[in-house]
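First the structure, in the form of structure tokens, and then the observations on it.
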2 protein chains.
Amino acid sequence: MLSHKAKYALKALLFLAQQDENHISRTIEIAEAASIPKKFLEQILLDLKRGYFVGSKQGKFGGYYLLKSKNEITLADIHRLFDGAIALLPCASLNFYEPCSDCTSESECLLRHGLMTIRDETLKAMQGITIASLVKK
Amino acid sequence: MLSHKAKYALKALLFLAQQDENHISRTIEIAEAASIPKKFLEQILLDLKRGYFVGSKQGKFGGYYLLKSKNEITLADIHRLFDGAIALLPCASLNFYEPCSDCTSESECLLRHGLMTIRDETLKAMQGITIASLVKK
DNA sequence: ACTAATTCTATAAAATTAGTAGAGTTTAAG
DNA sequence: CTTAAACTCTACTAATTTTATAGAATTAGT
């Protein structure tokens, strides 16, 4: 399941994606349009900025705008940024790999192989969902 | 990501699946073989019992054994039993459906449709992983 | 200078997860 | 019928994570 943070991030990105090119949206606008607590959204937008998904303009008449193209922002990206690994266990993860503390031999682990299969399929599916594809539907 | 509970459940089921037919395994055996805290495993085995995945025999020389066939226990089943919905949001879930409190119109929700696509693909993949398939590899 | 916005750090409340404790119940064997 | 060995059940606790909130600092336009 997605955290609220990830869900709010997606909703914010969808909002930004629907604005005119070069339009800058204030946090409060996004928050109200997408029903997201404003102070919480501030943090989320900063995270998105640090991930180079959005850009910002400070000061009066400042706000946020999409930095990457709608086609380049995938569900997998947002999941990883806010909720971490896509794999079901860290030992089966590409980006968040960690060995299991209770695992005697990773190569002989019966679970890991199956979880890597799931990871590959889920990842592929998640990379197929972009902000652009969501807006179009 | 899977919770420890779900991971331990899978490891316990894998252990049971590797025993001889009609063999009964004590909790302590499973716990030691799979490096699972015994008291925690007790709860997990009870959950698996209530889900009719395993059966138990009480009293001296009691223990647990697989109730369902190895082919009939899927990763999707165990995920749902211990970690709930496979969908990324409750509004996109088949078995754990709940409307979003911050959603004005579900039918117009841009997110939901994409998340249902992911759910279908993930579910299909997870239903393809069975205890039997994990043991075989 | 003033205003309106982002940025940053700290804090807090709530929920979830992971694990422990201990009493109770059931069964087999002597 | 007593004892031992196992599952069963309920309650509790500690740690972590999640979901925010508060408020000061910074930036930029007029």
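In the text below, chain A, chain B and the rest are named by the order of the sequence lines, each starting its count at 1. Computed from a predicted structure; not experimentally measured.
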(request) Could you tell me from which nucleotide to which nucleotide of DNA chain C, 5' to 3', there is an atom under 4.0 Å from chain A heavy atoms? (result)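 Nucleotide range in contact with chain A: C:dT3 to C:dA10.
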
Output one line per pair: protein atom, nucleotide atom from nucleotides 16-23 of chain D, and distance, for all N/O pairs under 3.5 Å.
{"residue": "D:dT19", "atom": "OP1", "partner": "A:H4", "partner atom": "N", "Å": "3.3"}
{"residue": "D:dT19", "atom": "OP2", "partner": "A:H4", "partner atom": "N", "Å": "3.3"}
{"residue": "D:dA20", "atom": "OP2", "partner": "A:H4", "partner atom": "ND1", "Å": "3.0"}
{"residue": "D:dA20", "atom": "OP2", "partner": "A:Y8", "partner atom": "OH", "Å": "3.1"}
{"residue": "D:dT21", "atom": "O4", "partner": "A:Q43", "partner atom": "NE2", "Å": "2.5"}
{"residue": "D:dG23", "atom": "N7", "partner": "A:K39", "partner atom": "NZ", "Å": "3.3"}
{"residue": "D:dG23", "atom": "O6", "partner": "A:K39", "partner atom": "NZ", "Å": "2.5"}

(request) For B:Q43 and B:K39, indicate whether the former's side chain and the latter's backbone hold a donor-acceptor pair under 3.5 Å. (result)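 No; zero donor-acceptor contacts below 3.5 Å.
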
(message) Is it the case that the side chain of B:H113 and the backbone of A:L134 share a donor-acceptor pair, with hydrogens and angles ignored and the cut-off at 3.5 Å?
(response)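 Absent.
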
(message) Pairing check on C:dC2: which nucleotide meets the Watson-Crick or G-U wobble criteria with it, both distances under 3.5 Å?
(response)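 Across all strands, the one nucleotide that pairs with C:dC2 is D:dG29.
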
(message) Does B:K70, at its NZ atom, have more than 12 non-hydrogen atoms belonging to other residues, nucleotides or ligands within less than 6.0 Å?
(response)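 Open: at most 12 neighbouring heavy atoms sit under 6.0 Å from NZ of B:K70.
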
(message) Other residues, nucleotides and ligands only: do more than 12 of their heavy atoms fall within 6.0 Å of NE2 on A:H23?
(response)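 More than 12 within 6.0 Å, yes.
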
(request) Please list, by residue number, the residues of residues 51-69 of chain A whose heavy atoms come closer than 4.0 Å to an atom of DNA chain D; answer none if no residue qualifies. (result)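 Only A:K57, A:Q58, A:G59, A:K60, A:F61 qualify.
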
(request) Under 4.0 Å from any atom of DNA chain D, heavy atoms only: list the residues of residues 92-103 of chain A that qualify, in numerical order. (result)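 Under 4.0 Å from DNA chain D: no residue of residues 92-103 of chain A.
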
(request) Determine the sole option in B:L13, B:L41, B:V54 for which the side chain to side chain contact (heavy atoms under 4.5 Å, CB included) test with B:Y64 is passed. (result)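 Checked B:L13, B:L41, B:V54 against B:Y64; only one passes side chain to side chain contact (heavy atoms under 4.5 Å, CB included): B:V54.
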
(message) Under the rule for side-chain contact (heavy atoms from CB on, under 4.5 Å), what residues qualify as partners of B:A34, not counting sequence neighbours?
(response)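 Partners of B:A34 under the side-chain contact (heavy atoms from CB on, under 4.5 Å) test: B:K11, B:I36.
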
(request) Would you sort out whether A:Y97 and A:N95 count as a side-chain contact (heavy atoms from CB on, under 4.5 Å), showing the intermediate values? (result) CA-CA 6 Å; A:Y97 171 80; A:N95 289 248; over 6 Å; no

(message) Could you tell me if B:T130 and B:N71 have a donor-acceptor pair between their side chains, going purely by distance under 3.5 Å?
(response)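 Side-chain D/A pair, B:N71 to B:T130: absent.
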
Can you find a heavy atom in the side chain of [X] that is under 4.5 Å from one in the side chain of [Y]?
X      : Y      : answer
B:L88  : B:L111 : no
B:S133 : B:K136 : no
B:Y8   : B:P37  : yes
A:C100 : A:C91  : yes

(request) Rounded off to whole Å, could you give me the CD1-to-P distance for the B:I28 and D:dA4 pair? (result)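 Between P of D:dA4 and CD1 of B:I28: 19 Å.
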
(request) Could you pull out all residues at least two apart from A:T74 that satisfy side-chain hydrogen bond (donor to acceptor under 3.5 Å, both in side chains)? (result)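 In terms of side-chain hydrogen bond (donor to acceptor under 3.5 Å, both in side chains), with neighbours along the sequence ignored, A:T74 is linked to A:D77.
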
